Every structure is written in C-alpha cells, then in structure tokens.
Amino acid sequence: MTKQLLPLIEKIPQSILGFLEYSPSCWSSSLSKTTQAHARILKSGAQNDGYISAKLIASYSNYSCFDDANLVLQSIPDPTVYSFSSLIYALTKAKLFSKSLGVFSRMFSYGLIPDSHVLPNLFKVCAELSAFEAGKQIHCISCVSGLDMDAFVQGSLFHMYMRCGRMEDARKVFDRMFEKDVVTCSALLNGYARKGCLEEVVRILSEMEESGIEPNIVSWNGILSGFNRSGYNKEAVIMFQKMHHLGCFPDEVTVSSVLPSVGDLEKLDLGRQIHGYVAKQGLLKDKCVISAMIDMYGKSGDASGIVKLFEEFEVMETGVCNAYITGLSRNGLVDKALEMFELFKEKKMDLNVVSWTSIISGCAQNGKDIEALELFREMQVAGVKPNRVTIPSMLPACGNIAALVHGRSAHGFAVRINLLEDVHVGSALIDMYAKCGRINMSQIVFDMMPTKNLVCWNSLMSGYSMHGKAKEVMSIFESLVRTRLKPDFISFTSLLSACSQVGLTDEGWRYFGMMSEEYGIKPRLEHYSCMVNLLGRAGKLQEAYDLIKEMPSEPDSCVWGALLNSCRLENNVDLAEIAAEKLFVLEPENPGTYVLLSNIYAAKGMWTEVDRVRNKMESLGMKKNPGCSWIQVKNTVYTVLAGDKSHPQIDQIKEKMDEISKEMRKSGYRPNLDLVMQDVEEQEKEQILWGHSEKLAVVFGLLNTPDGTPLQVIKNLRICGDCHSVIKFISGYEGREIFVRDTNRCQISSNHVFTESHSIILHKFQPNSLSLSALIDSFQGLWSGLI
DNA sequence: GTAGGGTTAG
C-alpha cells in the first residue's frame, strides 16, 4: 500500500493531499521514510500538530533515534502526554532508565499528568534504578488521578516496591489488588523469604490455596532462593522438604537454590540424597547444579566429593571452576587450588572477577599473603576489574604482612568506585589499617561510614585492642550498646583482651560477668584464655588455675599457653609444669612450650631440668622457626631476621642496643631477661641479645627514621613478653610511638606466649622462589630486606 | 503497556 502510494504522493501537490502526507502509516515503516516525512512535515508547518509530532517521536524512538525524537519533542509548542509517552516507552525498553525518568520530569514540569500507559513504564524505571523516593512520588501522582486502581499500574507498582525492598509498601498494594495471580503471589513469597519470614510465607501459601491459586515450581524456587540469599538456611531446607512433601518435583533451579543452604548447614546426608536425585533426573549436565553441588561438598568438608564431581564434569565452565577453586581452598588444599588456577589460565579460560577473587581470598585465608597480593596485581594486568568483594578479600593479606602501601591503594580504589559505604569493605579497611599500625585511619574509615553493622564495630574494637588501647575499646563498647546493635562474643573478646593487656582486672571480671548475665553469651575458650592472661598478669596465678579448673569445656592450647606464659612472669615452676604437660599433649609439635619451660627452670637455677627439657626437645628433632619481623621505613618494608648480623649498619645497631641496655639498667629496669642472663656464658648473652627480630627491627627503625616518627613492627611469630617490655621501655626512652604486632591469628594469645627462643641460634630464613620472585617483580623494589 | 525462580568470591 505504502509502496504504491509514495510515488504518487511525490507527484501530487502538497497543498491538495496534505492529509496523506501526515498519515504515519505511510511513512513509519522505515527510518529513511520517517526522515523524509519529517522534512516534508517541517516544510509544511505541520509539526505544530500534536498528533503528527507524537507519531514522529514514536517513529524515531522506535528506531532508537532518541536525539531526533527529543528534537521533535522540544519543538512542539504545546506537548501532550501522548507526545512524551512514546519516548518514555522507547527509552525504558532500551534500558536508558535515567533518561526515561528525565523525560518524565520534563513532562511533569509542563503540568502533564501521566496516564495509565506511562505509569507502568515509570514504575519499571524506578524498579530498575531502585529509585524508591521517585517511585513513591509517582505513586502519589497516580493516586490523585485514581489510576492506582488500574490493574497494570498496580502490577508495576507492586513490582517497583518489591524491587526497592519495601515489603510493607508492596504488601499494601498487593492487598488492594483486584486480580492476584500466581506470578504476583510468587513475587511476594520471594520477598518474604528474603526477609526470612517463614510464618508469612506459610500464611500466603495457605491464602493462595483458599483462593484457588496453586503455587508452581517458580513459586517454590523463589521461596528457596529467597531464604538462601538472606542466610535463612534452615527455612530454605524446611520449605524444600515441604515442597517435596506436597508432590512438587524439584528442577535444576530448585536444586541450585537449595544446595547452598544445605552446604551452610553442613547437612552432608541431605546433600548426598539430592545428588542421587539429580543424577537420576539427568540434571548433572547443568552448570549451576554442578557448581552448587561442588560448593555443598566443599562446605561440608568432603574434599573427595569435590574432586570427583569436578573431574566427571567434562565441560570447562567458569562457574564450575570457580566453585572448585573455592572448595579446594576451603578444605586447606590451597596449593592444588593454585595449581588448578594456573591450568585454567593456560587453557585460556574466561576467568572472571569471581575466579580471581576466589583464588585471592583462598590464598589470603591460608597464609599465602604474598601470593594473594601477586594475584591481585595479575588480575589487574589481565584487565579484570576488582569489585566490592575483591577488595575485602585482598585487604587481610595486606594487614597480615603490613603491606600498608597496597592496603592504601586498595582504599583509594574503593573510594574511586564508591565502595566506602559497603560494610564489608569498611570493616576490612578498619582491620587492615589497625594491623598496619594506623589505628587513626581505622577510626577515620569507621567515622565516615554512613551505616555500620556489628562487624564494623567489632573491627574497630579489635583494632584498638591490638594497639593495647583499653580505654578506647571500652568507650567504643559503651557507644555500641547505645545503638540498636547487640554486642556478640567477638566484641567481648576484644574487651577482655584489651583489659588483660593493660591489667584492668576489675573491669575484666565485670565484662566477663556481663557477657553471660546481660547478653546471654556463653563464654568461649578465647574468653577464658583472656581471663587467664588477665589474672596471670596481675600475679593471681592460683586464681587463674582455679578458673581453668571450673571451665565447662576442655581447655585448649590457648588457655594453657596463657597460664604457662603467666608462670614465666612469676617463675612459678609448679603450675608451669602442669600447663606444659597439657601443652605437650595438645601441641606436641610446638617447640615454644619446651623453650618456655626451660626458661622458667633456668630462672630458678634448676639446671638439671633445663638440660632435661632441652635434650628432650633435641631428641624430638625440634627446631625453632626463625624469627622474622617486618618494619616499614618510609615507603619500604624491610625484613629483619633474628640473629642476622650481616646488616651493613651492624655497628650502629649494636651501639644503639648497648646504649638502650645501659639506660634500662640505670633506670632500675629489670626485664626477666636479666634473670636468665645471670648464669649464662658471654656468648649466649650475645645470642640472646640478637635472638629477637622485633628488637632488631625497632633499633633499625630508630636509626633510619627522623626523631619522633612512629614505628611499626610486624612479627611472624608470637611476640615474647620480654621483647614487649623492652620495646615499651624504648618507646618511653625515645619518645616514640612503637606499635608491635604479631601475625598470629589468635588475637587473645598474641603478645603473651613465648615461642621465641632465648638461646637457640636461628637458621637462615629461606623464602620460597615464588614468594621471592613475587616480592621482586610485583612490588618493584618495595620490599628489600636484610636477607 | 506491568509482573515471578538458579551456581561460584567477602
């Protein structure tokens, strides 16, 4: 029709057949025809006609020529709702949501009220943008015109509130809806499941039954995934069983939705049953099912299950590989995970941000901090952008080795991509800065977070606790209890740990009591460990031992270690022997117990016993790991090894150490070390002096930084009490803030248990080739050391 | 013209 007409139109004078010119059915069939028609419309002055212009806008929008459509729109003297609606529709369809909203606000500024065709589009836009405030305003507008009773408007409005996470508003809309169908009900079920409201889910299901709406597989899957996503694992499993009970058969989506919950609950039996069902139904070809299955076995600690599934699945699929990497790392097989990751790279697999984040966090959680940072660098070289999960995965690695420069650049990155409001990122930054000795930065990050969850508060408290700032920890705790958040066992660990470091016995007891009495938290091993430390440090050894005897569960090595360390401070042989006997059983591999016990004997002059312990240690072939500390001087982190005398500044260091020793004696300072040294050979004294990497590191720092600069030292082993006292003295003597931390994960026992030898000369530290090359290549000379 | 369900990283 158009084809026949167009040539005619060209020949007939416009003035006569104008109406034909304006018939959109003649020119809207292609973009070029639209453009031609537009030119003619302009020539004839017909653009002022609302209908013609609206059709032009619709046609341009239809061909995604939004600029042309906009030009037409702007040229209309009196635009109508109709003029705007086609552009809004097309922009929404093209996913240009913000632009769509912009056109609407222009329309509204003309005093035009959206009709029942525009409103669903607008709600869709608000849903996509999670623009709750805008959505609510548009809802109000629809109420004024009474269009909120339109079925389409209601449907989209309901969806908008759901997408914005406004369950209550969505529910109000839902309750007013005239037509409720299975789709709407499923959405509501999913929403309540995400909130963990099992009762509400059950109620809606029975209401559906009353209204004759039968839940379908999508409804059930929505319930399961909702519960799972919000961490309501038990509820997910309950509903899975209920669904099965009602005769609704799981499909691949059901299985992949419920398996993560099964894994979190470590219900290996149920997981295996599902595995059997899945195999029978032929669902083992689905990549999500396989990933979820691997994940389930990984969480349940069945490493062989992971490997078997992965090897049976023939396709190399990114998601499956990611689940495999995580499963391996989770079960301590991080070396195999690294090996597999290398293989995936070789095979040029499409590794995504989840793949990289998985391996990075696997390394960081298994003590491979340098590898984690190397992978983080490699990830960026590969052009994969880190996201809100990558950052909190790599930050612990920075904290563990005090790689402040890396941590700070991750912080900068987080700022650039606007992640500072994320509680995971914030908490990880607080922790990293605290571990790198920058507690003031932890405080700044904390203060700037708009919303804080318990993890953020706990990170800050543990940071101050690490720095031995008990007053601050207590005052943060007071602020915490004034919020709506309830402190948990971790909050109390920081409190007790801080009190024990500073010797606040009364406060320690008060918090210990408050924990169970006011908050119903049963004290765990770590809390007892703190209390033993607290009492031991206050010289109340017997009281500490009595507390251990009263413990409801079997004390672990941290508790006995705390007692043994306290015995060292008081040189109490009787209790030391009891504690050591327990530790020999609990930690037969730890040479620290032998060393500590022998030191206590030595302090008492019980040389026969000293020999016995040392001989036993030697006969067991035990060697002490070399002590190694890191210190940052300007922008370089130096590695300092215990007993290493090959440093170019050796003379200066020795001189400084002598000066400090003299000053200590002059001020009547009597570290325990002196007691041990009374009866030892000159040569051994020398070894004792050099046997501690943290002291060496501090002196090295003193010599190479301007007066007054704060120093931070990180140590690979637990820091011994003597070193702590000496460093505290140096700090006062030099007028410097000196922060010493060990990399031991067990915060409570840090700083209190000896593992450092006083008398055994250390073997040269040998970094493996991977760590060494990582240091040299990626950190561009950042790490140079004394090795 | 609106509208429902999946895996793997913190």
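Quick caveat, the model's predicted, so the values are computed rather than measured.
- Listed nucleotides: B:dG6, B:dG10, B:dA9. Nearest to the side chain of A:Asp422: B:dG10.
- Looking at A:Ser256, its side chain comes within 3.5 Å of the base of B:dG6 through a donor and an acceptor atom.
- Rounded to an integer number of Å, the gap from A:Phe313 CZ to B:dT8 P is 15 Å.
- For A:Ser219, whose side chain is taken as the heavy atoms from C-beta onward, the closest listed nucleotide among B:dG10, B:dG4, B:dT8 is B:dG4.
- Within the nucleic acid shown, A:Val289 comes within 4.0 Å of at least one base atom, counting heavy atoms only.
- Aromatic rings of A:His406 and A:Phe376 (six-membered ring for Trp) have centroids beyond the 6.0 Å cut-off, not under it.
- Rounded to whole Å, atom P of B:dT7 lies 11 Å from atom CG of A:Leu224.
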From CA spacing to verdict: side chain to side chain contact (heavy atoms under 4.5 Å, CB included), A:Asn121, A:Phe104
CA-CA 10 Å; A:Asn121 281 302; A:Phe104 165 68; over 6 Å; no
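- An OP1 or OP2 oxygen of B:dA9 is reached within less than 4.0 angstrom by no side-chain nitrogen or oxygen of A:Gln365.
- With distances taken from any side-chain atom of A:Cys288 to the nucleotides B:dG6, B:dG10, B:dT8, the minimum falls on B:dG6.
- Contact check, A:Ser225 against B:dG6: a side-chain N or O comes under 4.0 Å of OP1 or OP2.
- Note: CH2 (A:Trp356) to P (B:dG10) measures 17 Å, nearest angstrom.
- The nucleotide whose nearest atom lies closest to any side-chain atom of A:Ser291 is, among B:dT7, B:dT2, B:dA9, B:dT7.
- One can place CG of A:Asn387 at 13 Å from C1' of B:dT8, the figure rounded to the nearest angstrom.
- Here A:Lys124 reaches the OP1 or OP2 of B:dA3: one of its side-chain N or O atoms lies under 4.0 Å away.
- Within 4.0 Å of A:Asp295, counting heavy atoms only, lie sugar-phosphate atoms of the nucleic acid but no base atom.
- With respect to A:Glu339 and A:Lys336, no salt bridge is recorded, no charged nitrogen being found less than 4.0 Å from a carboxylate O.
- When the side-chain nitrogen and oxygen atoms of A:Arg229 are compared with OP1 and OP2 of B:dG6, one or more of them lie within a distance under 4.0 Å.
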Walk me through whether A:Trp356 and A:Phe341 qualify under ring pair (Phe, Tyr, Trp, His ring centres under 6.0 Å).
CA-CA 9 Å; A:Trp356 287 96; A:Phe341 194 77; 5.0 Å; yes
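- For B:dA9, the OP1/OP2 oxygens have no side-chain nitrogen or oxygen of A:Arg388 closer than 4.0 Å.
- Residue contacts shown for A:Ser116 include a base, since a base heavy atom lies under 4.0 Å away.
- Residues A:Ser225 and A:Asn228 bring no donor and acceptor atom of their side chains to less than 3.5 Å of each other.
- An aromatic stack links A:His117 and the base of B:dG1, using centre distance under 5.5 Å and interplanar angle under 30°.
- Atom pair A:Asn190:CG and B:dG6:P shows a separation of 7 Å (rounding to whole Å applied).
- Closest contact between the side chain of A:Asn322 and the listed nucleotides B:dG5, B:dT8, B:dA9 involves B:dT8.
- The side chain of A:Ala187 has B:dG4 as its nearest neighbour among B:dT7, B:dG4, B:dG1.
- Of the candidate nucleotides B:dG5, B:dA9, B:dG1, B:dG5 has the atom nearest to the side chain of A:Asp251.
- The listed nucleotides are B:dG10, B:dT8, B:dG5; the one nearest the side chain of A:Ile217 is B:dG5.
- Under a 4.0 Å N-O distance rule, the pair A:Glu200/A:Lys195 does not qualify as a salt bridge.
- In this structure, the nucleotide among B:dA9, B:dG4, B:dG10 sitting nearest to the side chain of A:Val182 is B:dG4.
- Whole-Å rounding puts the A:Asn228 CG to B:dT8 P distance at 7 Å.
- For A:Asp264 and B:dG10, the CG to P distance is 11 Å, given to the nearest whole Å.
- Between the side chain of A:Ser393 and the base of B:dG10, no donor-acceptor pair under 3.5 Å is found.
- Checking B:dA9, B:dG4, B:dG5 against every side-chain atom of A:Asn221, the shortest atom distance belongs to B:dG5.
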